[in-house]
There are 2 protein chains.
Amino acid sequence: MRFTLRQIEAVLAVAELGNFSRAAERLGSTQPALSQAVRDLEAELDVRLFDRTTRRVELTEAGRAFRDQAAKGLDEIDRAVGHARDLAALRRGRIHIAAPPLLAAAVLPQAIVEFRAEHPGVDVAVEDVGTDRIVAGVASGQADLGIGTFQSLDPGLERLPIIRDDLMLFCPPDHPLAASPAPGWRDLAGEPLIALTRESGIRLLVEIGFETVEQPLRPAHEVHQIATALALVAAGLGVTVLPTYALAAAEGRAVVGRSLADPVIGREVVVIHPSDRALSPAARAFTDRLRRVVRRLSPPGP
Amino acid sequence: MRFTLRQIEAVLAVAELGNFSRAAERLGSTQPALSQAVRDLEAELDVRLFDRTTRRVELTEAGRAFRDQAAKGLDEIDRAVGHARDLAALRRGRIHIAAPPLLAAAVLPQAIVEFRAEHPGVDVAVEDVGTDRIVAGVASGQADLGIGTFQSLDPGLERLPIIRDDLMLFCPPDHPLAASPAPGWRDLAGEPLIALTRESGIRLLVEIGFETVEQPLRPAHEVHQIATALALVAAGLGVTVLPTYALAAAEGRAVVGRSLADPVIGREVVVIHPSDRALSPAARAFTDRLRRVVRRLSPPGP
DNA sequence: CAGTTTTACGGTGACCGTAATTATA
DNA sequence: TATAATTACGGTCACCGTAAAACTG
């Protein structure tokens, strides 16, 4: 048999108040319960902690030494518990998020702003890197969660769908297709196309689109960054096909986005995390927040 | 607080061994018990402390933080408990003893030597002061226990009898009374008497002895210190009457002690301590040791 | 399929609260 | 005598251990 936290709390309360009855009241217990708790602990330690009569309760020298050190220990444990509860209640914490640059620029800022407003104690760190490094960072535990679209994924990683992200057509506002009620892939024939390079996952989807409608894909320009593609479109050098979330990046430019059908081609934007590690409370909450923000930024109807 | 030390110990053991079964073995418990303990604590904290599959058990980030801090706290409490047990088992401690100079010189050294041999971890401090300061020191708690003979005593102080101390006759070895089979107070008539001054409690007892046999007390010399009296006796200047424990101080001098009867006059040598404070384990042990040492130094038969 | 954790469940013992007793100023 | 601590005692609930089930590699 060992000693218990309640016994130690009893000793501390009695020591502080110099009175079993009042200590019992503070602890929400009864006086006999405290008496027994102190008695049991004294028996356990084989030392009397209090000199007591019915009129006076006072620590012995052994009791003082015990009180001083035990109080420290209890305090330390209380802090450990408090810290854990803070993490659970999102009063503290830290999330490390890995996301591709465009997503990081387009939707994360809003999500972070709202998340931090709700949970000011939680730090959010973003790392805007390429897909391969996102997967690596999450798999290694360096990042708590990753965001993006991943075709084939390490089975050790779990996917939490955020939203379906369909490819859209981006063109200047005065372009004929901008006025089309329902532009389709076939309408792109003959248009000068700004394409991403083959390094991009998006490029593959675009190729699938052209294949589906049995058109050759002949890029007028090939660029690496989505922002560049939009700039070229704004300059009137052609049209491009990009994920929905590029809408955010198109804001303020002379570029409009239009849903692109026949076929609708899209990918799941997901949050990934190691499947053998549960999401931290903060990471879970952020994922929820992110999902809400993304849905709100969803493509407006044509 | 609705969590328990056992739950925390469970978490620490599982964290260290990365395995519920082995942790249970170390704690002398069963694996389901640990599983439940960890589960309960996690529910209490509202945070998952371990990511676990049937193959792998690993701390979460919250778990690591909790483990680090809780381990400190538990360690602190263990130290408090260990310290208290050390005090109880006399592996540590400190006793402050107040005793009159002769007692401090005559019997305490031997008692301390034997006590320290048995309990090397306990410090013993001696303060050789007068009776009034002994009482004051013990009453104030500055000294743990006081030794001496006290006629009337503060009711707040408790007396633990060590031995009865009868007055003895001290004379040179070749003195006629040294050969007497049973010297009495009446035999002192006409002997030059070395007396202590009236400041001494002993002097009062000597006067009572003379009064009892209706002899006048006419000191040949009056001295303050027992050691001085013995020196005068050794020099052949007279005889003196002193407590039994002066025997120890007479050792090695040309002085012998003889029981003094008709009447036997004595006092209780007692240990005193505040009655509302229990003796510390070390003080109790020292009192026992002192009692044994004093009995061993008891007056040898004539 | 083997090893490990989780769930289920029945029993026992620890702790608590009420009530009576003892002790102190 | 009044107040507070201790002792006595009965009940309940938490915790433990056995056994069965679920899960992972």
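Everything numeric in this text was worked out from a predicted model, so none of it was measured. All chains are named by letter (A, B, ...) in the order of the sequence lines, taking the proteins before the strands, and each is independently numbered beginning at 1.
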Pairs involving residues 17-35 of chain A, ordered by first then second residue, that meet salt bridge (charged side-chain N to carboxylate O under 4.0 Å, His left out) (sequence neighbours left out) = Glu16(A)-Arg26(A)

Nearest whole Å is fine: how far is [N] [atom2] from [X] [atom1]?
X        : N       : atom1 : atom2 : answer
Glu25(B) : dT5(C)  : CD    : P     : 12 Å
Arg6(B)  : dG13(C) : CZ    : C1'   : 14 Å
Glu58(B) : dT5(C)  : CD    : P     : 14 Å
Arg2(A)  : dC15(D) : CZ    : P     : 16 Å

message = Suppose the criterion is ring pair (Phe, Tyr, Trp, His ring centres under 6.0 Å): which pairs have a residue in residues 266-292 of chain A, not counting sequence neighbours?
response = Phe115(A)-Phe286(A)

inquiry  = Using side-chain heavy atoms (C-beta onward) and a distance below 4.5 Å, is Asp276(A) in contact with Glu58(B)?
reply    = no

Can you give the donor-acceptor pairs under 3.5 Å from side chains of residues 64-73 of chain B to other protein atoms, not counting sequence neighbours?
residue	atom	partner	partner atom	Å
Arg64(B)	NH1	Leu59(B)	O	3.4

key: Glu114(B)/Arg292(B) ion pair, N-O < 4.0 Å   = no

request  = Look at Asp123(B) together with Arg94(B) and state whether they make a salt bridge at an N to O cut-off of under 4.0 Å.
outcome  = no

remark   = The contact string for nucleotides 6-12 of chain D, one letter per nucleotide 5' to 3', using protein heavy atoms under 4.0 Å with B, S and - for base, sugar-phosphate only and none, comes out as BB-----

Below 4.0 Å: OP1/OP2 of dA5(D) and any side-chain N or O of Asn19(A) = yes

Axis-to-axis angle between the two ends of the helix from dC1(C)-dG25(D) to dA25(C)-dT1(D) (five base pairs per end, rounded to 10 degrees) = 40°

What N/O pairs connect the protein and nucleotides 23-25 of chain C at under 3.5 Å? Give each pair on its own line.
residue	atom	partner	partner atom	Å
dT24(C)	O4'	Thr54(A)	OG1	2.8
dT24(C)	O2	Arg55(A)	NE	3.4
dT24(C)	O2	Arg55(A)	NH2	3.1

